[in-house]
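Everything on this sheet refers to the single structure shown next.
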There are 2 protein chains.
Amino acid sequence: MPDSRSAARPATTAVRYGSRPTMKDVAARAGVGLKTVSRVVNGEPGVTADTESRVRAAIEALGFRRNDSARILRKGRTASIGLVLEDLADPFYSPLSRAVEEVARANGSLLFAGSSAEVPEREEELALALCARRVDGLVIVPASDDHRYLEPEIAAGIATVFVDRPASRIEADAVLTDNAGGARTAVAHLIAHGHRRIGFIGDRPHIHTADERVRGYREAMAAHGLAVREEWVSMGGTAPERVRAELERMASGPEAITALFSGNNRVTVTAVRVLSEHDRPIALVGFDDFELADLLRPGVTVIAQDPARLGRTAAELLFRRLDGDTAPPQRVELPGRLIPRGSGELPALQH
Amino acid sequence: MPDSRSAARPATTAVRYGSRPTMKDVAARAGVGLKTVSRVVNGEPGVTADTESRVRAAIEALGFRRNDSARILRKGRTASIGLVLEDLADPFYSPLSRAVEEVARANGSLLFAGSSAEVPEREEELALALCARRVDGLVIVPASDDHRYLEPEIAAGIATVFVDRPASRIEADAVLTDNAGGARTAVAHLIAHGHRRIGFIGDRPHIHTADERVRGYREAMAAHGLAVREEWVSMGGTAPERVRAELERMASGPEAITALFSGNNRVTVTAVRVLSEHDRPIALVGFDDFELADLLRPGVTVIAQDPARLGRTAAELLFRRLDGDTAPPQRVELPGRLIPRGSGELPALQH
DNA sequence: CTAGGGCTAGACAACGTTGTCAACAAGGGC
DNA sequence: GCCCTTGTTGACAACGTTGTCTAGCCCTAG
């Protein structure tokens, strides 16, 4: 049923298909002023019960819903935060996203989420698009190695917290796992089980987590007086073919490794696959836990991060900043935890 | 360095900390009109190279970035869509989210993402919050069983596509997997391997996918002339304790099942865990594929959905609607695919 | 020399909301 | 009976952008 009063109003407020009623329409229908509608909608005091019920009836009748775009423009705060991560579909980041979302929700914010696909330009594009939307804050898993592009945004008041990897070339909050420490623990564990020739396959160099983990690996080897042969160390993508080729190379020849420390989730999965086809058992410790790791035979020993906690911690820090915490940028490091399940406890089989 | 001209301007546009320069500021600095700045920012024609470079210099100097909130208010379209799903952290929905995001990106839109946690009120709250933000469209994995609350929003032009489960009590686009068909395939597969006593453990009743899968199970049993004993069928949550108890019950006694069809991902994982402790082998086919299913011994036979394709199809349909496709609501069904890996091919061991 | 056309540029209103402020009525104290 | 307080209400500007419309300029054709 078309609104019979629309003819009396200027053409611009006529009810068109696809256009929604505004507070003005509600006010006209209820026979009150615009501001009174605003008061009712926002639960502000100073409206009599009688007026309020008339307004509510009009809201109901017209199917009015406040336009938050306009509200945002007026109020300045958008009640939304942005999350930029590497890949929404990566099982490691799923709990992280969810944790960030929960904290946002608890703080009355909505979440914009996007994937950088590990492409620096895409991270920048996404982050700046979110800034243009005037999100209140950003949680970023960096893909870029230069975050100076964010300086004007941060100066303008967009709170920014980096997670999983630190920001580059700017000072900013970061919530990280102690990657080097976790790697040292992993390698020490293998050494304790008698291994001396331990390989490492990790993600591409210059990715902070990858660099830290290889650093921890080298430190642990050095701390135990073991030499690292460069053919035991491979940094590159996590593509299965690459990992397979590298592992097969390391596991053959007279100086074959007896144990592998795999630098992340996806490398570990491929390594498990390759090793399951291999005749001579090779011990394995992986960085990052994954579902069903305990069901494989042998179970896969891992250094577990807590991605949900990473996300929660980062988001909570973000909202503290939004609440006015102006302490200098801080770096929070969460520990990794060794979970022995069998694959890391295989003895060092000489040949 | 504070803008020296700010003193000459009214106090409301003075440069405050945390407030960003607007087109007005840029115009003043470049000595041009407001609209000219708008033209430059939006790449509209009708600006001389000289003027344009002055404007660009001012933009650069002030660190101006267009406020998209204002733009949205003015233009009506928000260039953003909302995604409401059950759980961002669920590995099944991760590729779906990512696919939706990719399509949104290809169409120049940003993505709001949120989890309903399978709570109907939360779905509604989230969806309506997104509507208040005037997202252009919504992709929803329903948790609610009454979507009439969306009627005014859809009438007002917010395109809505349901995915994984259909909408309830309204007509709307939906992109689904052929759950009943997949279930029939799974059960027929077990029957073909000699099983007669086949159990089913699924998610809570009234969840569409759960209902469809149990329906397919019953149909396949009936089609092969097999009776279904009600103690072989269990619908309820996916909580590991529940699944464990039900499965242990079904697998014991004189009428113990020889095969299980598990109704989803999480049930399957628990079932694998329980069966691995079990002495007598029980065949297993699970609905939903999962990473590493092939690495377990035996490999887990599954009916694989393609969550990325579900997401992509839904998002593409959404953007077709946004582009003006006004065909009646349609339901797209994607097939499930049987992947035999061993666990479903175990023979029916009588005792 | 002038009319007209093409181009650049800016003034102004509008998007839908919220904050400020003033108007007005009712009630109470003197 | 008057002033002041309290409470309810609405007019108006402002948020930062874009669409419309018009003014002014230079150039060319008649």
Side-chain angles (χ1 to χ4, degrees), chain A residues 9-16 18-55 59 62 64-79 131-134 156-157, chain B residues 9-16 18-28 30-55 58-59 62 64-79 131-134 156-157:
Chain A
R9 276 177 280 140
T12 50
T13 45
V15 174
R16 301 181 308 274
S19 86
R20 310 199 52 149
T22 70
M23 286 190 178
K24 202 160 146 188
D25 301 314
V26 174
R29 169 133 191 164
V32 302
L34 180 57
K35 181 65 214 205
T36 301
V37 177
S38 171
R39 275 191 267 259
V40 170
V41 170
N42 293 293
E44 290 171 23
V47 182
T48 58
D50 177 57
T51 311
E52 174 168 347
S53 69
R54 277 214 321 282
V55 171
I59 288 176
L62 294 176
F64 167 81
R65 192 165 330 270
R66 182 178 61 199
N67 183 332
D68 275 358
S69 292
R71 169 169 232 254
I72 284 164
L73 175 61
R74 187 61 234 255
K75 302 205 76 146
R77 280 241 166 157
T78 58
C131 289
R133 294 292 175 102
R134 297 294 188 268
Chain B
R9 275 178 281 138
T12 50
T13 46
V15 173
R16 300 182 309 274
S19 85
R20 310 200 52 150
T22 71
M23 286 191 177
K24 202 160 147 189
D25 301 314
V26 174
V32 302
L34 179 57
K35 180 67 214 206
T36 301
V37 177
S38 171
R39 275 192 266 260
V40 171
V41 169
N42 292 293
E44 290 170 22
V47 181
T48 58
D50 177 56
T51 311
E52 174 168 348
S53 69
R54 278 215 319 282
V55 171
I59 287 175
L62 295 175
F64 167 81
R65 192 165 331 268
R66 181 178 63 198
N67 182 332
D68 275 357
S69 293
R71 168 170 233 253
I72 284 165
L73 176 61
R74 187 61 233 255
K75 302 205 78 145
R77 280 241 165 157
T78 59
C131 290
R133 293 294 174 103
R134 297 293 189 271

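To find a chain, count down the sequence lines: A is the first, B the second, and so on, and within it residues start at 1.
Spacing between atom CE of B:Met23 and atom C1' of D:dG19 amounts to 13 Å, rounded to whole angstrom units. Atom CZ of B:Arg74 is separated from atom P of D:dT17 by 13 Å (rounded to the nearest Å). Residue B:Arg54 contributes atom CZ, which lies 14 Å from atom P of C:dT8 at whole-angstrom precision. Put simply, CZ on A:Arg77 is 14 Å from P on C:dG19, counting in whole angstrom units. To the nearest angstrom, P of C:dA26 lies 15 Å from CG of A:Asp50. Put simply, CZ on B:Arg65 is 12 Å from P on D:dT17, counting in whole angstrom units. One atom, CG of B:Leu73, and another, C1' of C:dA13, lie 13 Å apart when rounded to the nearest Å. If you take NZ of A:Lys24 and C1' of D:dA11, they are 13 Å apart, rounded to a whole angstrom.
Where B:Arg134 and B:Lys35 meet DNA chain C, the nucleotide closest to each residue was compared, and B:Lys35 sits on the side nearer the 5' end.
Side-chain atoms of B:Thr78 come within 3.5 Å of backbone N or O of B:Arg134 as a donor-acceptor pair.
OP1 or OP2 of D:dT18 sits under 4.0 Å from a side-chain N or O of B:Arg71. Contact check, B:Asn42 against D:dT18: a side-chain N or O comes under 4.0 Å of OP1 or OP2. Put simply, A:Thr36 has no side-chain N or O that comes within less than 4.0 Å of OP1 or OP2 on D:dT8. Within the 4.0 Å cut-off from OP1 or OP2 of C:dG19, at least one side-chain nitrogen or oxygen of A:Lys75 is found. Residue B:Ser38 has a polar side-chain atom (N or O) positioned under 4.0 Å from OP1 or OP2 of D:dT18.
As judged by a 4.0 angstrom heavy-atom cut-off over every strand, A:Thr48 is placed among residues touching the sugar-phosphate backbone only. Residue B:Ser69 is out of contact with every strand shown, counting any heavy-atom pair closer than 4.0 Å. Within 4.0 Å of B:Ile72, counting heavy atoms only, lies no atom of the nucleic acid at all. Note on B:Val41: nothing from the nucleic acid sits closer than 4.0 angstrom, heavy atoms only.
When the nucleotides D:dG10, C:dG16, C:dT18 are ranked by their closest atom to the side chain of A:Arg66, C:dT18 comes out on top. Nearest nucleotide to the B:Val32 side chain, out of C:dG10, D:dG16, D:dT9: C:dG10.
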Q: Output, in order, the C-alpha distance, side-chain angles, deciding distance and verdict of salt bridge (Lys or Arg N to Asp or Glu O under 4.0 Å) for A:Arg29 and A:Asp25.
A: CA-CA 6 Å; A:Arg29 169 133 191 164; A:Asp25 301 314; over 6 Å; no
**Q.** Full working for side chain to side chain contact (heavy atoms under 4.5 Å, CB included) between B:Val32 and B:Arg54
**A.** CA-CA 9 Å; B:Val32 302; B:Arg54 278 215 319 282; 3.4 Å; yes
Q: Verify side chain to side chain contact (heavy atoms under 4.5 Å, CB included) between B:Arg66 and B:Asn42, making sure each step is shown before the conclusion.
A: CA-CA 10 Å; B:Arg66 181 178 63 198; B:Asn42 292 293; 2.5 Å; yes
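When only modelled atom types and interatomic distance are considered, B:Arg133 and A:Asn67 share no side-chain donor-acceptor pair under 3.5 Å.
In the interface, the side chain of B:Arg39 is paired with the base of C:dG10 through a donor and an acceptor atom under 3.5 Å apart.
For the side-chain contact (heavy atoms from CB on, under 4.5 Å) with B:Val37, the lone residue among B:Val47, B:Thr51, B:Val26 that qualifies is B:Val26.
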